[in-house]
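This report concerns only the one structure given below.
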Amino acid sequence: MSTASSTKYKLIGLLFLALYVMIHLGFYKTYFIHFPSFEKFQLLHHVHGFLMSTWILMLITQPLLIGYGKVKLHHFVGGLSYVIAPLLVVSLFLITKMSYNKGVLLSSPREAIADQALSIAQLFTFSGFYAMAMAYRKNAARHMRYIIGTGLLMILPGLNRLLGSFYNTDFNLALVISSVLTIGIAVVLLIVDIINKKEATPYTLILVVYIGIFLVYELRYSTAYQTLGNFIARTAF
């Protein structure tokens, strides 16, 4: 592996390390501060948090292992994703279902469906990007980019909570800031690939999807989204 490629992988690992720190800061006042009693939380919350943290740790270690030439260990850790990723998808679904059912009791089905717009979009996004990464596991370039796509998804919940908890930022404004950051990173990655004459399809798709997530939230009260949300609620929740 060339020095430039090695450095690139190391920088990706450091990027996700920064993301890991940001997410844990974001969840400090809403989750970690309740240690050790965690009175307001159920086992599902702990399992979901553990799986999310494990996934991000994998995103940190995998590019670093490649950058330092530890290919066999990289493949071993990658094999763990066949367990971690499906469990994470299940936990995302169960968290969304629990939040929806709680929301129905507190407000109305329409409000509950609107409140889960981000969670539903994130559930499909993570599942889709992971599936594509595995489909292209023998194509290192595409595989890496779609795995990065799953990691960028973590910016939204982490930064939203960080801005709200530490700076009392309104949720809608926090969402705009976190969405702009996520979309901006996707744009930068796409531009770098275009400049380096790499295939633009992966990051183009990632960019479109993250713009779509933002639009889904903005249109959460629209007839189209409410119809889709009602269908998901009837069949899955």
Side-chain angles (χ1 to χ4, degrees), residues 19 22-24 26-27 29-31 40-56 59 84-132 149-165 169-183 186 206 208-237:
L19 177 60
M22 183 194 74
I23 289 173
H24 281 73
F27 279 89
K29 289 188 177 181
T30 60
Y31 179 73
K40 299 179 181 180
F41 299 92
Q42 300 180 20
L43 177 61
L44 177 59
H45 292 109
H46 303 313
V47 172
H48 177 66
F50 170 77
L51 291 170
M52 290 282 283
S53 294
T54 301
W55 186 256
I56 300 173
L59 295 180
I84 301 299
L87 289 176
L88 182 52
V89 170
V90 171
S91 74
L92 281 167
F93 169 75
L94 292 176
I95 285 285
T96 303
K97 179 179 179 179
M98 182 174 66
S99 299
Y100 168 79
N101 289 326
K102 182 179 180 181
V104 169
L105 295 176
L106 295 176
S107 55
S108 67
R110 182 171 183 268
E111 288 294 332
I113 289 170
D115 288 343
Q116 299 311 310
L118 279 180
S119 296
I120 292 173
Q122 290 170 339
L123 174 61
F124 283 106
T125 298
F126 181 88
S127 302
F129 283 152
Y130 176 73
M132 296 188 73
T150 69
L152 294 180
L153 191 65
M154 314 301 178
I155 294 175
L156 291 171
L159 187 55
N160 286 350
R161 285 169 175 78
L162 189 152
L163 292 172
S165 298
T169 306
D170 175 75
F171 179 80
N172 288 324
L173 176 58
L175 179 66
V176 170
I177 294 172
S178 59
S179 296
V180 168
L181 176 61
T182 306
I183 292 168
I206 289 169
V208 169
V209 167
Y210 280 108
I211 292 174
I213 290 176
F214 177 72
L215 292 177
V216 164
Y217 181 78
E218 291 299 312
L219 299 173
R220 63 193 183 280
Y221 290 107
S222 67
T223 300
Y225 173 75
Q226 286 288 319
T227 300
L228 175 62
N230 268 299
F231 172 76
I232 294 173
R234 288 196 312 270
T235 57
F237 298 161

Leu59/Thr150 under side-chain contact (heavy atoms from CB on, under 4.5 Å): CA gap, chis, key distance, verdict: CA-CA 9 Å; Leu59 295 180; Thr150 69; 4.3 Å; yes
Trace of the side-chain contact (heavy atoms from CB on, under 4.5 Å) decision for Phe129 with Leu153: CA-CA 10 Å; Phe129 283 152; Leu153 191 65; over 6 Å; no
Residue list, ring pair (Phe, Tyr, Trp, His ring centres under 6.0 Å) with Phe50, at least two apart or on another chain: none
Minimum heavy-atom distance between Ile213 and Ala121, given as atom pair plus value: CG1-CB, 4.1 Å
Aromatic plane relationship, Phe126 with Tyr130 - under 30° parallel, 30 to 60° tilted, over 60° perpendicular: parallel
Criterion side-chain contact (heavy atoms from CB on, under 4.5 Å) on Leu175 and Leu118, from CA distance to verdict: CA-CA 10 Å; Leu175 179 66; Leu118 279 180; 3.7 Å; yes
Set of residues satisfying side chain to side chain contact (heavy atoms under 4.5 Å, CB included) with respect to Ser127, sequence neighbours excluded: Val89, Leu123
Exercise: identify the closest heavy-atom pair between Thr30 and Ser165: CG2-OG, 3.6 Å
Least distance between heavy atoms, Ser179 atom then Phe214 atom: OG-CD1, 3.4 Å
Qualifying residue, where the test is ring pair (Phe, Tyr, Trp, His ring centres under 6.0 Å) with Tyr31 and the options are His24, His46, His48: His46
Ring-face cation of Arg220 near Tyr217 (centre distance under 6.0 Å, axis angle within 45°): yes
Heavy atoms from other residues, nucleotides or ligands near OH of Tyr221 exceed 12 (cutoff 6.0 Å): yes
Residue pair Arg234, Phe231: steps toward the side-chain contact (heavy atoms from CB on, under 4.5 Å) verdict: CA-CA 5 Å; Arg234 288 196 312 270; Phe231 172 76; 3.9 Å; yes
